[in-house]
Amino acid sequence: MEMTGKTVPFVDMADGITRIGPVNSFDPTHTFLCGQCFRWNRTESGDWLGVAGSRAMRLQWDGRRLTISGATPEEVRTFWIPYLDLEADYPKWKENLSASDAVMAEAVAFGAGLRLLRQDPWETLATFLISQNNGIPRIRTIVDALCRCFGEPIPFEGSTVYAFPSPNVLASLDACEMDVCRAGYRNAYLLKTSRQVAEGEVDLSRLSALPYREARDSLLTLHGVGVKVADCALLFSGIHRSAFPVDRWVLRVMNALYPGSGSTTESLQGFARERWGVMAGLAQEYLFHYARVKKIGI
DNA sequence: CTCCAGGCTGAGC
DNA sequence: GCTCAGCATGGA
């Protein structure tokens, strides 16, 4: 029996260590390696080191509880628990999705510990701008270089990690400077979009106040942002979970599962939104994770 | 060598 | 409106 409801058991261990749990429907492998984020790394000891926004933390997972270090209990409560979406009722969502059909049930079971993160909207948008026609390992390399070169330093465990650079900082670069991250032709998209956001042409902080379709249309005015990137930005920042950033893997799986539901992206999105409603984005993420790991290996 | 990777833009219909 | 080459880079 899985825990439901919004209460997350929480213990302050002092010395900058916090323990959370028991938590069900969570697994850092599913959550951090499903392709929604690019700044979590597993250490040799099995811990996870992550940077999000202007914060960093170390996470340990024993299969039942999370132990967080490098963050104050207050930060854990107000930032990391919402970031990891630990208060949401995944058992209920998984049950609903699984009931919708057998293959979805298999995909849900396969990625049972997957949670949709609530990442910073700018960081999410920029990293998925880089993701286009690109592979996950190289996306990580590029994002890493961007942060090290242009991000604010964050003292962490006696060393330094770097925040994702702000739109203002990136907007001040020229194409030559930005090329150190080796993003190729995406440099131009990143530069122009940084400038558009820095100029206030699109206000990312206002997206959550807009209905899904208007939020997406707003993002589509940015250079290099298409439907896929806009949907990923909305979904993985937690702004709109009905966003359905269908890609070739899910297209392949969906077309196999539901022949005739539509071979185009738009009709598949409509199909998914009708079938899974506000959970369409989560449904796609289970499918994506399932298809990718089953067919390519992690 | 070719093909692919969490696509998008701009040109030509 | 629609289709589609071209796009930088690096790994398989």
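Within the 4.0 Å cut-off from OP1 or OP2 of dA5(B), not a single side-chain nitrogen or oxygen of Arg292(A) is found.
Note on ring orientation: taking the six-membered ring where Trp is involved, the planes of Phe79(A) and Tyr83(A) are parallel (angle under 30°, cut-offs 30° and 60°).
When rounded to the nearest whole Å, the span between CG of Leu219(A) and P of dC8(B) equals 12 Å. Atom CG in Leu125(A) sits roughly 15 Å away from atom P in dG7(B) (whole-Å rounding). In this structure, Phe288(A) atom CZ and dG6(B) atom C1' are separated by 5 Å, rounded to whole Å. Atom pair Asp247(A):CG and dG7(B):P shows a separation of 7 Å (rounding to whole Å applied). Rounded to an integer number of Å, the gap from Arg216(A) CZ to dC8(B) P is 10 Å. For the pair Ile142(A) CD1 and dA5(B) P, the computed distance is 16 Å after rounding to whole Å. Gln119(A) has its CD atom 13 Å from the C1' atom of dG6(B), to the nearest Å. For the pair Asn187(A) CG and dC8(B) C1', the interatomic distance rounds to 15 Å; values are reported in whole Å.
Criterion: ILVMFWY side-chain heavy atoms under 4.5 Å apart, direct or through other members. Under it, Leu251(A) and Leu235(A) are part of a common hydrophobic cluster. Two different hydrophobic clusters hold Tyr162(A) and Ile142(A) under the rule that ILVMFWY side chains link at heavy-atom gaps under 4.5 Å.
Between Asp85(A) and Arg241(A) there is a salt bridge, since a side-chain N of the basic residue sits under 4.0 Å from a carboxylate O of the acidic one. Classification of Asp231(A) and Lys228(A) as a salt-bridged pair fails, no side-chain N sitting under 4.0 Å from a carboxylate O.
Heavy atoms only, all atoms of each residue included: Ala107(A) and Tyr286(A) are closest at CB-O, 3.9 Å. Taking all atoms of both residues into account, the shortest heavy-atom contact from Leu173(A) to Leu191(A) is O-CD2, 3.5 Å.
Residues of residues 220-239 of chain A having a heavy atom closer than 4.0 Å to DNA chain B, listed by number: Leu222(A), His223(A), Gly224(A), Val225(A), Gly226(A), Val227(A), Lys228(A), Val229(A), Phe236(A).
Within 4.0 Å (heavy atoms only), Pro137(A) reaches no atom of the nucleic acid at all. Cys34(A) comes within 4.0 angstrom of a base, heavy atoms only.
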### Message
Counting primed atoms plus P, OP1 and OP2 as sugar-phosphate and everything else as base, spell out the protein contacts along nucleotides 5-11 of chain C at 4.0 Å heavy-atom distance: B, S or - for each nucleotide, 5' to 3'.
### Response
--BBBS-
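Within the 4.5 Å cutoff, no side-chain heavy atoms of Trp80(A) are placed close to those of Leu66(A).
Stacking of the aromatic ring of Phe128(A) onto the base of dG6(B) is not found under the criterion of centres within 5.5 Å and planes under 30°.
Remark: the separation of the C1' atoms in dA5(B) and dT3(C) is 22 Å, to the nearest Å. Comparing the P positions of dG6(C) and dG6(B) gives an interatomic distance of 23 Å, to the nearest angstrom. Distance noted for atom P between dA8(C) and dA11(B): 15 Å (whole Å).
Cation-pi contact between Arg39(A) and Phe164(A): absent, since separation from the ring centre below 6.0 Å together with deviation from the ring axis within 45° is not met.
A salt bridge (charged side-chain N to carboxylate O under 4.0 Å, His left out) check over residues 139-164 of chain A, counting only residues at least two apart or in different chains, returns the pairs Arg58(A)-Glu157(A), Asp144(A)-Arg148(A).
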